[in-house]
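One structure below.
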Amino acid sequence: MAHSKDYKDSQLYRIRHSTSHVMAEAVVEKFPAAKVAIGPAIDDGFYYDFDLPRALTPEDLVEIEARMHQLIKSKEAFKYEEISAADAKKLFKDQPYKLELIEGLEQGGVDEDGNPSEEKAPISIYKSGGFTDLCRGPHVKNTSEINPQAVKLLNIAGAYWRGDEKRPMLQRIYGTAWETKEQLDEYLWKLEEAKRRDHRKIGKELDLFSTNEEVGSGLVLWHPNGAMIRHQIERYWDDQHMANGYDFVYTPHIGKASLWETSGHLGFYAENMYAPISIEEQDYYLKPMNCPFHLHIYKSSLRSYRDLPLRFAEKGTVYRYERSGVMHGLMRVRGFTQDDAHHFCREDQMPDEIDFVLDFSMKMLKAFGFKEINAYLSTKPEKSVGDPAMWKAAEHALEDTLKRMGVPYEVDAGGGAFYGPKIDLKVNDALGREWQLSTIQFDFNEPERFNLTYIGEDGQEHRPYMVHRALLGSMERFFGVLIEHYAGAFPAWLAPKQAIVIPIADRHNDYAYQVAKQLKENGLRVSVNASSDRMNAKIRNAQNEKVPYMLVIGDREMEAAQVALRRRNGESLPAMSVADFLVLAKKEIEEKI
RNA sequence: GCCCACAUAGCUCAGUCGGUAGAGCGCGUUCUUGGUAAGAACGAGGUCAUGGGUUCGAAUCCCAUUGUGGGCUCCA
């Protein structure tokens, strides 16, 4: 992840980078045979990669951390020195990874982390205590600037040397460092909170979804509660699309090999596709994307410039091969449903079309409670297909729209796909974490490959612009993000169970069922807890289920034909009539709060 | 796919030195009818992920497979 310049210049960055050196010192002290790789500061801390004679254990981490505290307290100075490549090679003669880095520095074009760098930097080393590292810095002057109370080692992980799976697997130790203990505690609290909100944990607790060993890894089973939430999401999605000029389409899950040859997927996407299914000596492939089908719908009749723009939308389920180690709950799966759409338009319509799709995306995301949305604009890479003039026009349209709408954005120059520029939208969740959801991508490849045309005003054939977009991304990932954002306490419009009626004693059951019936007739998702539990237990269960509205019914309510509302947040309202509760609930559901 | 770790009741977990299993929650039955986060008793529930090996004997040791977790790489 790219760090801002501010961060790289900050004291915090120096503290973290220096702490990683202290950690390396402690590790090398413990394992004199250790080969050290690289150890940079990262977003919330630092890491260092080592090649060690044995696998590290959590106990090693405790020991290393304790030694680090001692080293920090011994007030080691960080001493900077520039040396020649020859001296550096001599100094690091037993450190193959460092030697490789020195080679790179000598040739220029890479920095000491092995990343591309424009200037040819001098070779420099930092000495601190008994540890000398090839390093550009910057560092703190002395470990006295590091607060040992604000340093913590977090976990051990495997990592390839230079991220290349063909190179040796190293052991990486992640740690974090802050200026004060309070900051560390806050960070650790955030990690704990992230664990509490983990969609896999909440998914089990609220019975939302599961995966199953026999079904297969990365294949999601949506349980009734999760499916109800998805259904509500989709209902809203359908309504919005219908009201905004989209046409719904449905397409099959497999298509013939020739389709994927035409689209180019067998050329550039084959490693993500499943092996073909052979039917009557024809190969069929499970679809990894919906676009080729939508393109054929476009092509199914002659299109006039008057027909455009066309917007084909489909919640299309796709299957992509993911390597076995990368699956993660709902966030990374092998089968998922994209909320997909393809826009086809004329060049003169393109700016408006982009305006529309960005505005529409933002409105959708905001409806789901995401207030902060950041955009990332990716432009033409070196290798690309399509007319450079079309690229320029598309990039301008994207950027102009972002500016006009005042959406904060970053430009990733050359970061686009080979077939077109794109805007990705990322939201910040309740914990401030960023998630990519929407993607809006031009495609100059497939319209060519499928020879899409429309008849223009001039009677000639023209190539339409095509935009591929997914707003929520995939239903699976979006649901995962939503679970973590709300920590399972879904707003009433999404909650699988919106209200629960809690009779205090058996004699209130009949009235409770009457109330529930009335609510159901008004469209609420409601149930009655008529078990022999005490009221306290019923409330506790409803709280744990995160039901937004609890309607307690006892003698008083029954007599007055009322309900006593307790909200999920613990707030108790004075008893009200069922009609009044309906007004209140319907308003909140309508407003999606 | 790779490195490391893990897999015991529906869930969360305990199980010592290798001697064929336990708790809490949940579930069922009964009693209890209680006013805003757990009333009580009793009961049912496990081929210890799967397959193989070592051993007189395996939840426990070894190997493989599947799945899960933390990462790397990749990504909606």
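Side chains are part of it too, since the values below use all heavy atoms of this structure and drop only hydrogens, waters and symmetry mates. Each chain gets a letter, A, B and so on, in the order its sequence line appears, and its residues count up from 1.
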Point to revise | Closest to side chain of Arg556(A), choosing from G67(B), G35(B), U33(B) | key: G35(B)
Revision key, fill the gap. Winner on side-chain proximity to Glu322(A), out of A49(B), C75(B), G35(B), is C75(B)
Exercise for review: Please measure how far the P atom in A58(B) lies from the corresponding atom in C48(B), and state the result in whole Å.
Suggested key: 12 Å
Check your understanding: So which nucleotide from G39(B), G71(B), G69(B) ends up closest to the side chain of Ala157(A)?
Key -> G71(B)
Check your understanding: Is the phosphate of A76(B), meaning OP1 or OP2, less than 4.0 Å from a side-chain N or O of Tyr269(A)?
Key -> no
Point to revise | Straight-line distance of His223(A) NE2 to Asp207(A) CG, nearest 0.5 Å | key: 6.0 Å
Point to revise | Distance, rounded to the nearest Å, where Leu219(A) contributes CG and U66(B) contributes C1' | key: 14 Å
Review point. Can you tell which of U36(B), A76(B), C72(B) lies closest to the side chain of Met535(A)?
Key: U36(B)
Point to revise | Nearest-angstrom distance from the residue atom CZ of Arg54(A) to C1' of C4(B) | key: 13 Å
Point to revise | Whole-Å C1' distance, U66(B) and U73(B) | key: 23 Å
Study note, to complete from the structure: Looking only at C3(B), C72(B), A37(B), the nucleotide nearest the Met169(A) side chain is C3(B)
Check your understanding: Quick one: do Arg332(A) and Glu476(A) make a salt bridge, cutoff under 4.0 Å?
Key -> no
Exercise for review: Check if the side chain of Glu557(A) and the base of G35(B) share a donor-acceptor pair of N or O atoms closer than 3.5 Å.
Suggested key: yes
Check your understanding: Does any N or O donor sit under 3.5 Å from an N or O acceptor when you compare the side chain of Arg566(A) with the base of A37(B)?
Key -> yes
Check your understanding: With a 3.5 Å cut-off and just heavy-atom distances, do the side chain of Tyr47(A) and the base of G71(B) make a donor-acceptor pair?
Key -> no
Check your understanding: So does Arg334(A) reach the base of C75(B) with its side chain, donor to acceptor, closer than 3.5 Å?
Key -> no
Revision key, fill the gap. Of the candidates C75(B), G39(B), G70(B), the side chain of Ser532(A) sits closest to G39(B)
Check your understanding: Does the pair Glu484(A)/Arg196(A) count as a salt bridge with the N-to-O cut at 4.0 Å?
Key -> no
Review point. So does His328(A) get a side-chain nitrogen or oxygen closer than 4.0 Å to the phosphate oxygens (OP1/OP2) of C75(B)?
Key: no
Check your understanding: Which listed nucleotide (C74(B), C72(B), G34(B)) is nearest to the side chain of Arg534(A)?
Key -> G34(B)
Point to revise | Side-chain-base donor-acceptor pair under 3.5 Å for Asn536(A) and U36(B) | key: no
Review point. Is any side-chain N or O of Arg540(A) under 3.5 Å from a base N or O of A38(B), one able to act as donor and the other as acceptor?
Key: yes
Revision key, fill the gap. Here the distance between atom P of G35(B) and atom CG of Asn529(A), to the nearest Å, is 16 Å
Exercise for review: Take atom CZ of Phe50(A) and atom P of C3(B), then tell me their distance rounded to the nearest Å.
Suggested key: 20 Å
Review point. Out of G70(B), G1(B), U33(B), which has the shortest distance to the side chain of Asp506(A)?
Key: U33(B)
Point to revise | Of the listed nucleotides U66(B), A76(B), U36(B), the one nearest the side chain of Arg477(A) | key: A76(B)
